[in-house]
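The structure appears below as structure tokens.
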Number of protein chains: 2
Amino acid sequence: MSDKDDAPRSRATAEMVAARANVSRVAVSRAFNPHTSLKPEKRELILRIAKELDYTPDRAARALVSGRSHLIAIIVPDVYAHWESQEIDALTTALQHEGFATLLFKTRTDYSMDEQLLATMRGHNPDSVIAFVENVKPSTLARFMGRAVPIYVHYPAPGATDDSVSNPLHDRLNVLQWDGIDQAVALLQGYGARRIAYLSGAPESRANTSRQHTLEEVMARRGLPPPVVVKGDFSYDAAYRATVNFFRVGDGADAVFAVNDVGAFGVIDALRHELGLRVPEDVKVVGFDDIAQSHWKSYNLTTVKFDLDERVNALVRLILRRLNNPAAPGLQETLNTRLIVRGTVG
Amino acid sequence: MSDKDDAPRSRATAEMVAARANVSRVAVSRAFNPHTSLKPEKRELILRIAKELDYTPDRAARALVSGRSHLIAIIVPDVYAHWESQEIDALTTALQHEGFATLLFKTRTDYSMDEQLLATMRGHNPDSVIAFVENVKPSTLARFMGRAVPIYVHYPAPGATDDSVSNPLHDRLNVLQWDGIDQAVALLQGYGARRIAYLSGAPESRANTSRQHTLEEVMARRGLPPPVVVKGDFSYDAAYRATVNFFRVGDGADAVFAVNDVGAFGVIDALRHELGLRVPEDVKVVGFDDIAQSHWKSYNLTTVKFDLDERVNALVRLILRRLNNPAAPGLQETLNTRLIVRGTVG
DNA sequence: TGAAAAGATGAAAGCGTGTGCAAATCTCTG
DNA sequence: CAGAGATTTGCACACGCTTTCATCTTTTCA
């Protein structure tokens, strides 16, 4: 065998591995694809030599012919928003485990979808797209995808019509909020709270409206007056300012139900550090998400929780089901919520 | 012109656009590449028809022939760690602006590098790799890349030998910590603190060791006794436990310098909610990073700051410089730090 | 032991794009 | 209007891989 010098700084190719192993290039391809027929010892030899040469099949070339890019796109408005970052983290780990890589795209913070961005994303040909963003119509997103069927995270409101039948353009993860919110209201009611305020997120977002409507419905059924809405935008700073303003000029409230945990932190800090009120003695606070910071001692927040692992598993399941059956009508998974009781209520 | 029906659910290709526009396929390719010669009106026509057909050039095919994937890989141990998530967020936005997409990879939390992961990453052929992870030798990472030259974030310690010359295998972003740490110590000293403890991160990580050594050096030069090291791991929970333990069994300290802001939060909460000590009256606390939460009222942390935008710009600059000059020796950018004074010192 | 079934192998045909090269067209000058 | 130069255009090939298909080899079973 001749001891050929390899080029110094370019990646090894299947051709080189084949030459070195005295097999055809096709055999190399087969060695890297599990369900192909290849004599075991031959496969072993090829894999050994591949390792020697630091060879990995080129995903782009593979994608071109197989139609699988092994890329999963995630679209988020804010990576550093706390809930999102934890979800991206867990999702990336889970996807990695299944052989996928995460392709991250950021939309503008006004939750609108940029056509340029969608075109770029489509160019990368992701096997699936997970949209945490809500102000884009499924039909728009679908138009911008190739074979991939986008996955939406959906929060069904109690009264809303289920549009799953009429919209088979995307798969869905349904997050049911009723149970968690009902448990929260029951707890507040148990401690004597009647005037409950709702700190909103960005008003147009569906995470916000569905949460608000669910809360209103729950409170009505429990014979409570409708919640006063304090307008926020999911951020700490907005929650802080809105709370200060609300308690200074308005009648105040016995409790605040926040659209998310970060908002709840803003509420708590405003109450304690600006308004001189005590939590939970004077005002009770409930959040939504149960992010990592919620158990930190400064907040110790009572909050409604999605189970992150369950949520990630459901998303991965959706992706795999869809890839195994590209022609299936809109797939769905459903997830529930529950209350985590800590120190900001009673 | 015949009104051909297009296939319902597969992506448009350059061929189809060419047919519809009565031009060659090559012209379509040229229409999408700025610096090629093509009659302007022809280009315009092609782009218009491309839009009609929802055509975008396939990145995988393009990458195969041009050698540019337009993918930038980022390797992190934790996405949801606060500093990292903010950096990923800003970086993704900036890269998107330059036409790149972010490819996210998560290492194991012990900061070790998985060869399997590296192989997968190499398979995707990223144009560049940014490693926030420290326990992998540059030579290992370089072996796993193709043409791409990895970028390391480096924290030069004051006495450390500069290995930039001997290691041209990677580009570097140097973050100088001296100024910020010196300002912090000066401030603490000004308020009469002498016994300063250091809350460490994962001991083996270079972010930790370099920060610790710089602190030791700064304190020595200012005539202070060396800092007592309290062992943490960058997380809130570890910081909380370590602080409780340290102040219960040891002599305590006048001030704690934490390796990062999240750790500082753990320190503050332990002091206030578990040990009954006041911050800053009894113990002063300084952090490192200036993440978004640091200005929240519950903490209001005095901290050493990298400027995030500067940092992201420097990274993007490194990437572009490298792509314009693949053969250049190890490129570098340098960044400084400074103290942000808030309420946890005096 | 022989024929049929099963398994292993390689040649060739793509996948969708960019690029070198030569031919074709246009522009300009005197 | 000729001819040189600049610009535009298309053919053919390359990128690295998977996947049919036909061929060759091995196993199975009566």
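A note on names: the letters A, B, ... follow the listed sequences, proteins ahead of strands, and every chain is numbered from 1. What you see below is based on every heavy atom in this structure, not just the backbone, and it leaves out hydrogens, waters and symmetry mates.
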Of A:Ala61 and B:Lys39, the one whose nearest nucleotide on DNA chain D sits closer to the 5' end is B:Lys39
Whole-Å distance separating the NE2 atom of A:His35 from the C1' atom of C:dG7: 17 Å
Nearest-Å distance for atom pair NE2/P, residues B:His70 and C:dT17: 14 Å
Protein-nucleic acid N or O pairs under 3.5 Å, nucleotides 20-25 of chain C:
{"residue": "C:dG20", "atom": "O6", "partner": "B:Arg30", "partner atom": "NH2", "Å": "3.4"}

Residues, nucleotides or ligands: over 12 heavy atoms within 6.0 Å of B:Gln116 CD: no
Nucleotide C:dC15, atom P - distance to CE of B:Met16 in whole Å: 10 Å
Atom pair distance, as rounded to whole Å: CZ in B:Arg68 and P in C:dT19: 10 Å
Is there a side chain to side chain contact (heavy atoms under 4.5 Å, CB included) between A:Glu84 and A:Asp78? Walk through the geometry before answering. CA-CA 7 Å; A:Glu84 281 81 351; A:Asp78 289 307; 5.7 Å; no
A:Ser85 and B:Ser85: side-chain donor and acceptor closer than 3.5 Å? no
Under 4.0 Å, heavy atoms only, any strand: does B:Ser37 hit a base, just the sugar-phosphate, or nothing? base
If you walk 5' to 3' along DNA chain D, what is the first nucleotide with an atom under 4.0 Å of a heavy atom in chain A, and what is the last? D:dG16 to D:dT20
Which is true for A:Ser29 with a 4.0 Å heavy-atom rule: it touches a base, it touches only sugar-phosphate, or it touches nothing? base
Return the minimal non-hydrogen interatomic distance between A:Arg172 and A:Leu318, and the atom names on each side. O-CD1, 3.5 Å
Tell me every residue that passes ring-ring contact (aromatic ring centres under 6.0 Å, His included) with A:Phe105, counting only those two or more places apart in sequence or in another chain. none
For B:Leu335 and B:Asp307, which heavy atoms make the closest approach, and how far apart are they? CD2-O, 4.4 Å
Could you give the CZ-to-P distance, from B:Arg11 to C:dG16, as a whole number of Å? 9 Å
Nearest nucleotide by nearest heavy atom, which residue falls closer to the 5' end of DNA chain D, B:Arg25 or A:Thr13? B:Arg25
Taking the side chain as everything from C-beta on, heavy atoms only, tell me whether B:Ile74 gets closer than 4.5 Å to B:Leu91. yes
Which whole-number value in Å describes the distance from A:Asp58 CG to C:dG16 P? 16 Å
Does any N or O in the side chain of B:Arg25 come within less than 3.5 Å of the main-chain N or O of B:Thr13, such that one atom is a donor and the other an acceptor? no
Using distance alone, with no hydrogens and no angle criterion, decide if B:Glu333 and B:Asn174 have a side-chain donor and acceptor under 3.5 Å apart. no
Students often get this wrong, so: under 4.0 angstrom with heavy atoms, is A:Tyr55 touching a base, only sugar-phosphate, or nothing? sugar-phosphate
To the nearest angstrom, how far is B:Arg62 atom CZ from C:dC15 atom C1'? 16 Å
Can you check the B:Leu64 CG to C:dG14 C1' distance for me, whole Å? 13 Å
